[in-house]
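So the structure is just underneath, and the comments pick up after that.
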Amino acid sequence: MITVSTVVELDLSCTAPRARINAKQGDGGTRQIVARFTNGSGVISDLSTVTSAELKVLRPDGVTVKAAAALSDGSATATLTAEMLAVAGRAFGDMVLYGDGESISAARFDINIMAAADSGIAPDPTPEPQDSGKPALASAVAEGVVGTVGDATKIEEEQ
């Protein structure tokens, strides 16, 4: 099985823009989030007061799904589950840090869950390339996508 790890820096002070990751329905169990934490100015590597961590995902349909995260080398690592990625759309993830049995802090990030090919949902709204004003075939030939540019010969029809 292929596992994709995405390293994100999550700002515990909530002053930096939120991190955003992409995932696809059906990728549950293959997508890992490796969260490093900042305090608005630099990476926090000392998590000595943190005893455990948990990933909470608020899906686009309003359902919250949780998974334990492993602590190692100043970061928390959690795997996105199939339940977390079950609904396409914009989701929110919170990496919650615990110490002495209570929540110490949490850092939020955005998750863009793309629809799976067999989900029956319309494809993601990726913008189409800008129209260059040229006819599509002429543009494709000029760009070398199809055919070649060469001499044209007009064939006269007999009447």
Side-chain angles (χ1 to χ4, degrees), residues 1-45 47 50-99 101-137 139-140 142-146:
M1 173 169 46
I2 297 173
T3 301
V4 177
S5 293
T6 302
V7 178
V8 293
E9 288 189 1
L10 303 180
D11 183 18
L12 294 171
S13 69
C14 299
T15 58
R18 279 198 309 245
R20 181 179 190 117
I21 65 160
N22 292 315
K24 184 173 60 44
Q25 287 178 310
D27 282 353
T30 67
R31 299 276 178 175
Q32 284 186 331
I33 306 300
V34 180
R36 296 186 315 177
F37 301 95
T38 66
N39 59 5
S41 60
V43 174
I44 301 169
S45 57
L47 297 179
V50 177
T51 57
S52 64
E54 178 179 53
L55 173 62
K56 293 181 181 180
V57 173
L58 176 61
R59 296 186 329 201
D61 63 355
V63 173
T64 300
V65 183
K66 302 174 187 179
L71 295 170
S72 176
D73 298 325
S75 63
T77 302
T79 301
L80 295 171
T81 66
E83 293 80 19
M84 290 174 178
L85 301 175
V87 180
R90 182 177 179 194
F92 300 100
D94 283 341
M95 190 65 77
V96 184
L97 304 177
Y98 295 95
E102 61 186 20
S103 173
I104 296 174
S105 191
R108 176 160 286 184
F109 59 96
D110 296 338
I111 306 171
N112 178 37
I113 304 171
M114 296 174 281
D118 60 353
S119 67
I121 297 175
D124 71 10
T126 303
E128 293 294 321
Q130 294 295 326
D131 184 16
S132 65
K134 298 183 229 172
L137 182 57
S139 180
E143 293 172 17
V145 176
V146 294

In short, Ala107 meets Asp11 closest at the heavy-atom pair CB-O, 4.3 Å

Do the side chains of Ile113 and Val87 get nearer than 4.5 Å, heavy atoms only? no

Testing Arg18, Arg36, Arg20 one by one against Glu9 for a salt bridge (charged side-chain N to carboxylate O under 4.0 Å, His left out), which residue passes? Arg36

To the nearest 0.5 Å, how far apart are CG in Leu47 and CG in Leu71? 6.5 Å

Can you name the nearest heavy-atom pair linking Ser13 to Thr15, along with the distance? OG-OG1, 3.0 Å

Approximate separation, where rounding is to 0.5 Å, of Asn22 CG and Arg31 CZ: 8.0 Å

With distance as the sole test, does Arg108 use its side chain to make a donor-acceptor pair with the main-chain N or O of Met95 at under 3.5 Å? no

Are Ile21 and Phe109 close enough that some pair of their side-chain heavy atoms sits under 4.5 Å apart? yes

Exam field: side chain Gln25 to backbone Ala116, donor-acceptor pair closer than 3.5 Å: yes

Could you state the interatomic distance from CG (Leu10) to CD1 (Ile44), rounded to the nearest 0.5 Å? 10.5 Å

From Met84 CE over to Ile33 CD1, what is the distance, rounded to the nearest 0.5 angstrom? 9.5 Å

Are side-chain N/O atoms of Asp73 and Ser75 paired as donor and acceptor at under 3.5 Å? no

Is atom NZ of Lys24 surrounded by more than 12 heavy atoms (other residues, nucleotides or ligands) closer than 6.0 Å? yes

Working to the nearest 0.5 Å, report the span between CD of Glu102 and CG of Leu97. 13.0 Å

Hey, is the main chain of Arg90 close enough, under 3.5 Å, to the side chain of Asn112 for a donor-acceptor pair? no

Working for side-chain contact (heavy atoms from CB on, under 4.5 Å), residues Leu55 and Val65: CA-CA 8 Å; Leu55 173 62; Val65 183; over 6 Å; no

Show the nearest heavy-atom pair for residues Gly28 and Leu85, with the distance to one decimal. N-CD1, 3.7 Å

If you compare all heavy atoms of Val34 against all heavy atoms of Ser5, which two are closest, and at what distance to 0.1 Å? CG2-CB, 4.3 Å

Hey, are the side chains of Val4 and Gln32 touching, using non-hydrogen atoms and a 4.5 Å cut-off? no

Does this structure show an ion pair linking Asp94 with Lys56, if we count only N-O contacts that are shorter than 4.0 Å? no

Yes or no on side-chain contact (heavy atoms from CB on, under 4.5 Å) for Phe92 and Val57, after CA distance, side-chain angles and deciding distance? CA-CA 6 Å; Phe92 300 100; Val57 173; over 6 Å; no

In this structure, CD1 of Ile104 is separated from OH of Tyr98 (nearest 0.5 Å) by 10.5 Å

Closest non-hydrogen atoms of Phe37 and Gly74, given as atom of the first, atom of the second and distance, are CD1-O, 4.4 Å

